[in-house]
Amino acid sequence: MKTTSVKFNLIIGMWMMVLATPSVYGQSKASRNEVLKTMRTATEFLMNTVSYKGGFIWNYLPDLSRQWGELEAYRTMVWVQPPGTPSIGHLLLDAYHATGDEFYYKSAKTVANALIWGQLPCGGWNYMFDFAGENSLKQWYGTIGRQAWRMEEFQHYYGNATFDDGGTMHSAKFLLRMYVEKNDPVFRPAVEKAIRFVLESQYPVGGWPQRYPLMHDHPFQGKEDYSSFITLNDDVNIENTEFLLQCYQAMGLQEIKEPIIRAMNMLIILQQGPPYAGWADQYTVIDLKPAHARSYEPKSINTATTVQMIYQMLEYYQLTGETKFLSGIPAAIDFLESVKLPESELKRYGKHGRAGYDAFVPRFIDPDNRKPLYVHRKGSNVVNGCYYIDQDISNTISHYNSGAFINIARIKDTFEKVKNASVEELTKDSPLLSKKSIPLNKYYTRMPYGREEQGKSIPELMKELTKEGYWLTPIRMDSHPYKECPLMPASDEKKYATTFVGDEYDTSTYPTEEPLLGISMATYIANMMKFIHYLDE
């Protein structure tokens with residue numbers, strides 16, 4: 001999710017627009033009072049019934065007997081990864097801005113207090129926390145987490161905080177918004193604690209590890225623990241830089257400008273030289289070379305990450321006006337063009353071309369010889385199974401694509417537009433260069449969480465709210481309830497080679513053919529943003 005307060009017109013097409021156009025709502029004539037009543041009813045149910053002490057998971061069965069974040073969770077747990085607890089907090093502040101109703105601000109304070117409770121002494125957050133205490137969380141890691149075959153990040157309890165998947169930064173940005181909303185000093189200590197965490201964990205070169213304080217206690221399958229590597233994957237560098245930028249913008253903290261610039265400059269340093277002029281997901285700290293992560297994330301140049309970094313360099317150019325951020329883009333484009341795969345490989349991959357994209361490429365490229373790295377697995381669970389890499393694109397894993405669709409023509413066009421535009425115009429709203437105060441955005445929630453309701457009108461959404469106050473939503477991910485996996489020998493089983501889940505012992509979530517019906521935080525957020533947009537028209 002992109003959250004920088006400055007958004008630039010020339011590259012906005014890169015990111016999904018969140019607030020739907022009025023055509024989505026048809027010719028509906030719902031009154032403002034009706035919309036406000038529906039929003040209030042849905043939120044009261046969310047806060048009074050679904051929430052656990054102000055915290056949320058992602059999805060629930062209607063009777064709250066089971067709930068899931070990225071994995072099945074205990075009722076006492078709070079999920080931090082989007083669209084979890086901080087995402088709900090941001091939405092509540094958005095609703096407060098749209099309605100002026102203090103109920104939403106008070107609800108946001110409840111969510112903020114939950115996140116402050118879960119903030120670790122270091123200043124960051126883990127993927128989740130548990131109001132039942134650390135022993136309960138360790139029990140979860142030793143059972144459900146340990147047996148989630150494809151979810152290796154949950155198989156080991158570190159006890160520290162993570163930048164992965166944006167949870168820490170979404171929490172920090174939400175608490176920043178709570179602080180500056182009314183300059184309430186109650187929230188400042190938590191914000192300052194988060195700022196110190198980001199600054200202390202930053203490497204001198206400008207990047208961040210995936211987890212902090214640094215840990216090295218989980219070498220996996222003979223490879224070094226990757227959690228201390230400099231990490232670009234899942235927007236670690238982007239999100240951390242944006243948080244510092246928002247603190248600079250909203251709080252006027254001059255001392256954090258240098259760490260911001262250092263983080264931006266690091267992306268230039270990490271770009272590999274031709275003919276592999278892309279970016280990796282992780283880098284070793286000592287020599288800044290591409291590094292591995294999970295067993296299905298090999299040491300490589302990642303083409304999808306390279307596309308993202310190209311757009312990020314364009315954004316940094318518009319924040320600074322410095323052409324050094326443009327200098328590596330032509331070589332990166334040449335690299336992407338050089339690894340395009342023929343139609344025959346797409347067929348072997350088992351997919352068709354995708355509308356709006358003009359190139360199909362391997363996701364992972366060996367940085368030493370430019371060979372594609374395709375990921376497979378064998379076995380049936382975390383005990384007897386393993387992932388492996390070869391150059392055969394057929395029968396690759398489905399939960400982490402070995403191929404990527406990109407639009408090189410669009411990249412080139414955007415690059416030319418930015419390069420040829422007036423620097424003064426591009427940088428006029430940059431908080432790094434502006435001499436005037438630039439407030440944070442009125443609304444934070446920009447991505448259309450959920451897909452079931454995207455085409456529905458406001459009256460339809462109002463009608464579908466249950467009498468209790470929730471939208472009954474297809475929950476498309478299920479999981480096997482935990483049961484201990486016995487010791488078993490390594491297996492060459494291929495039955496689960498391309499599935500999301502293995503056998504009955506695998507606790508990973510998987511897509512279901514017959515979705516469960518339940519309560520979805522993504523649906524709540526998506527529907528509330530539609531109502532907010534409707535009120536703004």
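At a cut-off of 3.5 Å, with distance as the only test, a side-chain donor of Asp225 or Ser227 sits close to an acceptor on the other residue. Using modelled atom types, one finds a donor on one side chain and an acceptor on the other under 3.5 Å when comparing Thr76 with Asp130. In this structure, a donor-acceptor pair under 3.5 Å is present between the side chains of Gln308 and Asp235. For the 3.5 Å distance criterion, the side chains of Trp68 and Thr509 fail to qualify, holding no donor opposite an acceptor.
Not one N or O on the side chain of Ser430 forms a donor-acceptor pair closer than 3.5 Å with the backbone of Thr320. For the pair Thr162 (side chain) and Asn126 (backbone), a donor-acceptor distance under 3.5 Å is absent. Without hydrogens or angle criteria, Gln271 side chain to Ala277 main chain gives a donor-acceptor distance under 3.5 Å. Remark: the backbone N or O of Leu270 is paired with a side-chain donor or acceptor of Tyr283 at under 3.5 angstrom. With Gln119 contributing its side chain and Ala190 its backbone, the two residues share a donor-acceptor pair below 3.5 Å. A distance-only check finds a donor-acceptor pair linking the side chain of Trp140 to the backbone of Glu72 [under 3.5 Å]. Here the side chain of Ser228 pairs no donor or acceptor atom with the backbone of Pro209 at under 3.5 angstrom. Checking side-chain atoms of Thr231 against main-chain N and O of Asn233 turns up no donor-acceptor pair under 3.5 Å. Gln272 contributes no side-chain N or O that, together with a main-chain N or O of Ile301, makes up a donor-acceptor pair within less than 3.5 Å. Of the possible donor and acceptor atoms, none in the side chain of Asn265 sits under 3.5 Å from a partner among the backbone N and O of Arg262.
Within the 4.5 Å cutoff, no side-chain heavy atoms of Asn160 are placed close to those of Cys122. Side-chain contact check for Phe163 versus Asn237: every heavy-atom pair is 4.5 Å or farther apart. Side-chain contact between Thr143 and Thr507 is absent, with no heavy-atom pair separated by less than 4.5 Å. With contacts defined as side-chain heavy-atom distances shorter than 4.5 Å, the pair Ile230/Gln210 does not qualify. At a threshold of 4.5 Å between non-hydrogen side-chain atoms, the residues Pro511 and Met477 count as touching. Side chains of Pro274 and Asp334 form no contact here, defined as non-hydrogen atoms less than 4.5 Å apart. Residues Lys299 and Pro367 have side chains in contact (heavy-atom distance under 4.5 Å, counting atoms from C-beta outward). Between Tyr505 and His480 there is no side-chain heavy-atom pair separated by less than 4.5 Å.
Summarising the geometry of Trp279 relative to Leu267, their closest heavy-atom pair is NE1-O, 2.8 Å, with the distance given to 0.1 Å. A pairwise comparison of heavy atoms in Cys485 and Val383 identifies SG-CG2, 3.6 Å as the closest pair. The nearest pair of heavy atoms linking Gly379 to Tyr496 is O-CD1, 3.7 Å. Contact record, Val180 with Met251: CG1-CG, 4.5 Å, taken as the closest heavy-atom pair. What you find for Met266 and Gly206 is that their closest heavy atoms are SD-C, 3.6 Å. The shortest non-hydrogen separation linking Leu175 to Ala112 is CD2-CB, 3.7 Å.
Ring centroid separation for the pair Tyr74 and Tyr52 does not come in under the 6.0 Å cut-off. Taking the centre of each ring, Tyr374 and His376 stay at or above the 6.0 Å mark.
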Under the side-chain hydrogen bond (donor to acceptor under 3.5 Å, both in side chains) rule, what do Asn302 and Ser300 come out as? Steps first, then yes or no, please.
-> CA-CA 6 Å; Asn302 188 320; Ser300 65; 5.5 Å; no

Would you check, one step at a time, whether the test side chain to side chain contact (heavy atoms under 4.5 Å, CB included) holds for Gln81 with Trp58?
-> CA-CA 9 Å; Gln81 292 165 285; Trp58 291 358; 3.9 Å; yes

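In this structure, Phe220 and His218 have tilted ring planes: the angle between them lies in the 30° to 60° band. Between Tyr296 and His399, the ring-plane angle classifies as perpendicular under the 30° and 60° cut-offs. Using the six-membered ring where Trp is involved, His170 and Tyr444 have ring planes that are perpendicular, over 60° apart on the 30 and 60° scheme. Relative orientation of the Tyr226 and His292 rings is perpendicular, given thresholds of 30° and 60° on the angle between their planes. In this pair, Phe154 and Trp79 present their aromatic rings tilted. The plane angle is within the 30 to 60° band.
Arg146 CZ to Glu152 CD: the interatomic distance, rounded to the nearest 0.5 Å, is 14.5 Å. For the atom pair CD1 (Ile525) and CD1 (Ile88), the distance works out to 4.0 Å, reported to the nearest 0.5 Å. To the nearest 0.5 Å, atom CD of residue Glu134 and atom OH of residue Tyr157 are 3.5 Å apart. Going from atom CG of Leu199 over to atom CH2 of Trp208 covers 8.0 Å, rounded to the nearest 0.5 Å. Between the CZ atom of Phe56 and the CD atom of Gln67 there is a distance of 13.0 Å, given to the nearest 0.5 Å. Once rounded to the nearest 0.5 Å, the distance linking CG of Leu93 with CE of Met178 reads 5.5 Å.
Heavy atoms of other residues, nucleotides or ligands lying less than 6.0 angstrom from NZ of Lys193 number more than 12. Atom OH of Tyr141 has more than 12 neighbouring heavy atoms from other residues, nucleotides or ligands inside a 6.0 Å radius. In this structure, Glu258 places its CD atom where more than 12 heavy-atom neighbours from other residues, nucleotides or ligands lie under 6.0 Å away. Under a cut-off of 6.0 angstrom, the local environment of CG in Asn113 is crowded, with over 12 non-hydrogen atoms contributed by other residues, nucleotides or ligands.
With salt bridges taken as basic N to acidic carboxylate O contacts below 4.0 Å, one links Arg66 and Asp478. Using a cut-off of 4.0 Å between Lys/Arg side-chain N and Asp/Glu carboxylate O, Arg294 and Asp281 are scored as not salt-bridged. A salt bridge links Lys324 to Glu322: one of the charged nitrogens lies within less than 4.0 Å of a carboxylate oxygen. Ionic pairing of Arg150 and Asp506 is not present here: no N-O contact between side-chain nitrogen and carboxylate oxygen is shorter than 4.0 angstrom.
The only member of Ile406, Val339, Ile393 that meets side-chain contact (heavy atoms from CB on, under 4.5 Å) when paired with Phe360 is Ile393.
Geometrically, Arg377 does not engage Tyr400 in a cation-pi contact, judged by NZ or CZ lying under 6.0 Å from the ring centre and within 45° of the ring axis.
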